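To start, the structure under review is shown below, and the notes come after it.
This is a predicted model, so every value here is computed, not measured. We count ligands from 1, going down the list as the structure has it; atoms in each ligand are counted the same way.
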Amino acid sequence: SKGPYDYDLIVIGGGSAGLACAKEAVACGARVVCLDYVKPTPLGTKWGVGGTCVNVGCIPKKLMHQASLLGEAVHEAAAYGWNVNEKIKPDWNKLVSSVQNHIKSVNWVTRVDLRDKKVEYINGLGSFLDPHTMTIKMKSGDRKITSQTFVIAVGGRPRYPDIPGAVEYGITSDDLFSLNREPGKTLVVGAGYIGLECAGFLKGLGYEPTVMVRSIVLRGFDQQMAGLVADSMEERGIPFLYQYVPLSVEKLSSGKLLVKYEHSQSGEVRSDTFDTVLWAIGRKGLVDDLNLANAGVHTFKDKIQVDSYEATNVPNIYAVGDIIYGKPELTPVAVLAGRLLARRLYGESTQRMDYTDVATTVFTPLEYACVGLSEEDAVKEFGADEIEVFHGYYKPTEFFIPQKSVRHCYLKAVAERHGEQRVYGLHYLGPVAGEVIQGFAAALKSGLTIKTLMNTVGIHPTTAEEFTRLNITKRSGLDPTPAS
Ligand code: FAD
Ligand code: NA7
């Protein structure tokens, strides 16, 4: 029986969360349609189905990071005896077309997958007329559809600062991975993970990024680790302008961009010219086009607040992924939450999403990965007297021959001080950080203790084995730098 509505479920947004939710709901037997629509950036950049991660997020970012690490590896290879031309230079346009070709192939595979799994997909922008009705704006005209249930999975887009020239002359991560010219000397405004990652690979590719930091680096992350990330980037020749905010961007007759910026305490105004200005000042949830008021869904700071069932304040409307307030904005979080929601709605499952202890990596030139609590959050939660921090600097084998700086290779375990010495957080700065932390994340979720960690035999010679030899506590005051 069809019931009074066209569909059981309309999923708004075909990104990480929406696609996972739509596919699972269909697998559970629901009648589903998934809408996805990308508005072009002010520069005109647009992309296909799949959302942020595939088109303008994780994937192109990791590919450019990899390109930058390979350049570094070629330089290192010389020290190992490879006869390489020391003056290697990347071809930006070739890199961009390789990255874009990969993305196009993923877009294609996504559409085939949707067809195979019998998920109806509409390339259109959805907005509510009432809690059960939506208008879809499509190239071919508007269409009205009804559904019993809705899942809002619209994600977010980069913000622009409210200053003269920002939108006309600046770009964001939405434009960078398909930019049709070399970025050149680039001002990266914002010191969240996206700003730092972009600055990192631009430097590795031979461009000249500068990072402008309004307050602190990597807000929300362990601040000792964040400081080490920034120091390692400065050591690679990336200048950081601390405590500065941009005032204006003008285009000079030379084509260069003149940026005026101000020190937030002294009010001192400076200016400099750049080829590219990249805004990485955070992301805005895409609530505006949804006309949520027509459905009665409340918003909160451009986001939607949900309960532990991903339910909004309107009974038949749910939200998942980056659009929900106060949860990690990461693809695997969006995918799992979307899938679990579909299973609860249309399957037998009652399982809820666990948003705690989600591991994550910052793909800066020297990578940083972590899982669990930062040191400051552990202190806040349990008190400094109840926390033991085991830490150490270490020397990756890979760094010896090319004589790379090992000054910032550091790791720590934040643990319970007494009793079982349960591990609350693990933090690692060094090569292939994500690969190192992923397995430890499973251990931490299984109740990892310092004793288990110390009784684990390492794999030698790796950098991950350092976690099995952390025997210096911060409290002891002993020097955490290795002897040799
Ligand atoms: P999205 O993937 O953004 O999908 C939402 C979709 O809905 C979009 O296609 C949007 O256009 C569409 N839409 C919006 N409104 C409407 C509407 N009204 N009607 C129809 N369609 C609509 N995460 C990681 O885990 N690892 C990383 O390394 C990583 N790197 C990142 C790097 C960058 C530069 C960025 C920007 C993000 C990165 N992320 C990373 C975050 C990750 O991309 C997001 O967490 C993830 O894409 C969120 O998925 P989502 O489904 O909630 O939203
Ligand atoms: P984040 O992590 O929100 O970081 C944004 C950065 O930009 C951060 O350093 C901010 O400094 C800075 N910022 C914010 N507004 C301004 C203005 N107006 N001028 C200058 N600098 C500014 O965003 P990302 O883009 O890195 O990451 C996107 C999302 O992924 C993010 O929301 C995370 O939840 C996950 P601040 O620390 O606020 O002083």
Set out, in order, the CA-CA distance, both residues' side-chain angles and the distance that settles side chain to side chain contact (heavy atoms under 4.5 Å, CB included) for Trp47 and Val54, then state yes or no. CA-CA 10 Å; Trp47 52 89; Val54 168; over 6 Å; no
Is Lys260 atom NZ crowded by more than 12 heavy atoms from other residues, nucleotides or ligands, each under 6.0 Å away? no
Has ligand 2 got any nitrogen or oxygen that is less than 3.5 angstrom from a nitrogen or oxygen of Gly195? no
Nitrogen or oxygen atoms of Arg283 and ligand 2 under 3.5 Å apart: no
Nearest to atom 12 (C) of ligand 1, what protein heavy atom do you find, and at what distance? Asp36 OD1, 3.2 Å
Using a heavy-atom cut-off of under 4.0 Å, does the side chain or the backbone of Val38 touch ligand 1, or both, or neither? both
Between Tyr244 and His263, ring centroids under 6.0 Å: yes
Does the residue Pro158 have a heavy-atom contact with ligand 1, meaning some pair of atoms that are separated by less than 4.0 Å? no
May I ask you to check whether Tyr410 and His427 show a side-chain donor-acceptor distance below 3.5 Å? no
May I ask you to identify the nearest protein heavy atom to atom 45 (O) of ligand 1, giving residue, atom name and distance to one decimal place in Å? Asp322 OD1, 2.7 Å
Ligand-side contact atoms (ligand 1) for residue partner Glu329, heavy atom cut-off under 4.0 Å: 41 (C), 45 (O)
Around atom 3 (O) of ligand 2, find the nearest protein heavy atom and jot down its residue, atom name and distance. Gly282 CA, 3.8 Å
Parallel, tilted or perpendicular: which one describes the rings of Phe221 and Tyr193, with boundaries at 30° and 60°? perpendicular
What is the nearest protein non-hydrogen atom to atom 12 (C) of ligand 2, stated with its residue, atom name and distance? Gly190 CA, 4.0 Å
So which bit of Val189 gets within less than 4.0 Å of ligand 2, heavy atoms only: side chain, backbone, both or neither? side chain
Ignoring hydrogens and geometry beyond distance, is a side-chain donor-acceptor pair present between Thr133 and Asp130 at under 3.5 Å? yes
Could you list which atoms of ligand 1 come closer than 4.0 Å to a heavy atom of Lys61? 27 (C), 28 (O), 29 (C), 30 (N), 31 (C), 32 (C)
According to the interplanar angle, ranging from 0 to 90°, do the rings of Tyr428 and Phe467 count as parallel (below 30°), tilted (30 to 60°) or perpendicular (above 60°)? tilted
Residues Asp302, Arg159: salt bridge by 4.0 Å N-O rule: yes
Quick note on ligand 2: atoms under 4.0 Å from a heavy atom of Gly192 include exactly 2 (O), 4 (O), 6 (C), 8 (C), 9 (O), 26 (O)
Check Asp113 with Lys23, please: is the shortest side-chain N to carboxylate O separation under 4.0 Å? yes
Per-atom contacts, ligand 2 versus Arg219 - under 4.0 Å to a heavy atom: 36 (P), 37 (O), 38 (O), 39 (O)
Just by modelled atom types, is the Phe363 backbone N or O under 3.5 Å from a matching donor or acceptor in the Thr361 side chain? no
Top protein contact for atom 38 (O) of ligand 2, by heavy-atom distance: Arg214 NH2, 2.8 Å
Using only heavy-atom distances, determine whether the side chains of Asn316 and Thr149 contain a donor-acceptor pair under 3.5 Å. no
Taking a cutoff of less than 4.0 Å between a non-hydrogen atom of the residue and any ligand atom, is Leu125 in contact with ligand 1? yes
Identify the protein heavy atom lying closest to atom 30 (O) of ligand 2, giving its residue, its atom name and the separation to 0.1 Å. Tyr193 CE2, 3.4 Å
Which protein heavy atom lies closest to atom 25 (O) of ligand 1, and at what distance to 0.1 Å? Thr331 N, 3.0 Å
Does NZ or CZ of Lys251 lie under 6.0 Å from the centre of the six-membered ring of Tyr169, at an angle within 45° of the ring axis? no
Considering only heavy atoms of Gly124, which atoms of ligand 1 have at least one such atom less than 4.0 Å away? 19 (N), 20 (C)
Is the Tyr325 ring parallel, tilted or perpendicular to the Phe300 ring (thresholds 30°, 60°)? perpendicular
Ser215: numbered ligand 2 atoms lying under 4.0 Å from its heavy atoms: 36 (P), 37 (O), 39 (O)
Taking Asp36 for its side chain and Gly14 for its backbone only, find out whether a donor-acceptor pair lies under 3.5 Å. yes
For Glu329, take its heavy atoms, then give the atoms of ligand 2 lying under 4.0 Å from any of them. 29 (C), 30 (O), 31 (C), 32 (O), 34 (O), 35 (C)
So the atoms of ligand 1 within less than 4.0 Å of a heavy atom of Leu286 turn out to be 14 (C)
Closer than 4.0 Å to some heavy atom of Arg283 - which atoms of ligand 1 meet that? 36 (C)
Test item: side-chain donor near acceptor, Asp174 and Asn55, under 3.5 Å: no
To which protein heavy atom is atom 21 (N) of ligand 1 closest, and what is the distance rounded to 0.1 Å? Tyr37 N, 3.0 Å
protein heavy-atom neighbour closest to atom 26 (O) of ligand 2 works out as Ile194 N, 3.1 Å
Does Lys39 come within less than 4.0 angstrom of ligand 1, counting non-hydrogen atoms of the residue? no
May I ask you to identify the nearest protein heavy atom to atom 29 (C) of ligand 1, giving residue, atom name and distance to one decimal place in Å? Cys58 SG, 3.3 Å
Ranked by distance from atom 53 (O) of ligand 1, the top protein heavy atom is Gly155 CA, 3.4 Å
Check whether any N or O atom of Ala191, backbone or side chain, sits under 3.5 Å from an N or O atom of ligand 2, and answer yes or no. yes
Any side-chain donor-acceptor pair under 3.5 Å between Thr45 and Asp175? yes
Atom indices of ligand 1, in the order listed, that fall short of 4.0 Å to a heavy atom of Pro332: 25 (O)
Ignoring angles and geometry beyond distance, decide whether Ala17 reaches within less than 3.5 Å of ligand 1 through its nitrogen or oxygen atoms. yes
Given Glu310, which partner from the list Arg339, Arg352, Arg344, Arg343 fulfils the salt bridge (charged side-chain N to carboxylate O under 4.0 Å, His left out) test? Arg344
Using a 3.5 Å cut-off on N or O atoms only, is Glu197 in polar contact with ligand 1? no
Check whether more than 12 heavy atoms from other residues, nucleotides or ligands sit under 6.0 Å from atom OH of Tyr37, and answer yes or no. no
Check ligand 1 against Gly321 and write out every atom of the ligand that is under 4.0 Å from a heavy-atom position of the residue. 52 (O)
Among Phe177, Tyr193, Phe128, which one has a heavy atom closest to atom 37 (C) of ligand 1? Tyr193
Atom 19 (N) of ligand 1: nearest protein contact (heavy atom, Å): Gly126 N, 2.9 Å
Atom 14 (C) of ligand 2: which protein heavy atom is closest, and how many Å away? Ile281 O, 3.3 Å
Which of the numbered atoms in ligand 1 are below 4.0 angstrom from a heavy atom of Cys53? 43 (O), 47 (O)
Would you kindly specify which portion of Ser16 sits under 4.0 Å from ligand 1, judged on non-hydrogen atoms: side chain, backbone, both or neither? both
Shortest reach to atom 16 (C) of ligand 1 by a heavy atom, considering only Val154, Asn55, Val11, Ile152: Val154
If you have a sec, work out which protein heavy atom is nearest atom 34 (C) of ligand 1 and how many Å separate them, to one decimal? Val56 O, 3.6 Å
Sidechain-backbone polar pair: Lys445 side chain, Thr356 backbone, donor-acceptor under 3.5 Å: yes
Salt bridge (charged side-chain N to carboxylate O under 4.0 Å, His left out) with Asp275: of Lys185, Lys256, Arg181, only one passes, and it is Lys256
